[in-house]
Amino acid sequence: MKASVVLSLVLASPIMGSVMKRDDVIANCGEPADHSDNQLLRSEYSYPIGLLLGAAGGDAVYFEPGPSNCKNVACNPGKDGANAGVTVCSDDTSEIPIGKQEMGWFAQRIFEQCKIRTPDGVDYLQKGQVFNPDAKWNVILSDLGPDAQCP
């Protein structure tokens, strides 16, 4: 007989200043309106999210004062000019560093919540946006297009 264990993933962050549970963050699927509506294969987003989640603990991207200061932080150039990517936007009026692992954690919420499964069982990802409730920045997953500049 197998024992069943339920694990609750939490993120403790000095930037967020609290412990946040996975269920505390809700993605806005289909947002923002000014990003491409292309629905890419869900697997196309695994690479850019994995880059962020696998970054060293101290790796961060620095954002100049905002609002609406956005940077493409990871992407996966694919077929036919599609470019599954992670964009982070800071609305903070001060320069701030945002940890890559934190960006990845928030991107993962979109990856989990904005899935669309076709009748033939293929998973696509609808664009999505999630806001950090404890800081002035947000993460967007969308098709960045063929001309996107990515690190």
J.: Nearest 0.5 Å, what's the CZ-OG distance between Phe63 and Ser94?
T.: 14.5 Å
J.: CD/Gln108 to CG/Leu52 distance, rounded to the nearest 0.5 angstrom?
T.: 10.5 Å
J.: Checking side chain to side chain contact (heavy atoms under 4.5 Å, CB included) for the pair Asn28/Phe131: CA distance, chi angles, key distance, verdict?
T.: CA-CA 9 Å; Asn28 299 307; Phe131 290 85; 3.7 Å; yes
J.: Is it the case that the side chains of Gln129 and Asn138 hold a donor-acceptor pair, with the cut-off being a distance below 3.5 Å and no angle test?
T.: yes
J.: Does any N or O in the side chain of Gln101 come within less than 3.5 Å of the main-chain N or O of Ala55, such that one atom is a donor and the other an acceptor?
T.: yes
J.: Which heavy atom of Pro48 sits nearest a heavy atom of Ala84, and at what distance?
T.: CG-O, 3.7 Å
J.: According to a hydrophobic-cluster definition based on side-chain heavy atoms being under 4.5 Å apart (Ile, Leu, Val, Met, Phe, Trp, Tyr only), do Leu144 and Met103 belong together?
T.: no
J.: Can Val139 be reached from Leu51 by stepping across I, L, V, M, F, W or Y side chains whose heavy atoms are under 4.5 Å apart?
T.: no
J.: For residues Ser90 and Asp92, is any side-chain donor paired with an opposing acceptor at under 3.5 Å?
T.: no
J.: In the single-linkage hydrophobic clustering (I, L, V, M, F, W, Y; side-chain heavy atoms under 4.5 Å), do Ile140 and Ile49 co-cluster?
T.: no
J.: Linking I/L/V/M/F/W/Y whenever any side-chain heavy atoms sit under 4.5 Å apart, do Leu141 and Tyr124 land together?
T.: no
J.: When rounded to the nearest 0.5 angstrom, what is the spacing between CG in Leu125 and CD in Gln113?
T.: 10.5 Å
J.: So does Lys71 have more than 12 non-hydrogen atoms from other groups sitting under 6.0 Å from NZ?
T.: yes
J.: Taking all non-hydrogen atoms of both residues, which atom of Ser142 and which atom of His35 are closest, and how far apart?
T.: OG-ND1, 3.0 Å
J.: Are Leu53 and Val25 joined in one hydrophobic group, where the rule is that I, L, V, M, F, W and Y side chains link up if heavy atoms are under 4.5 Å apart?
T.: yes
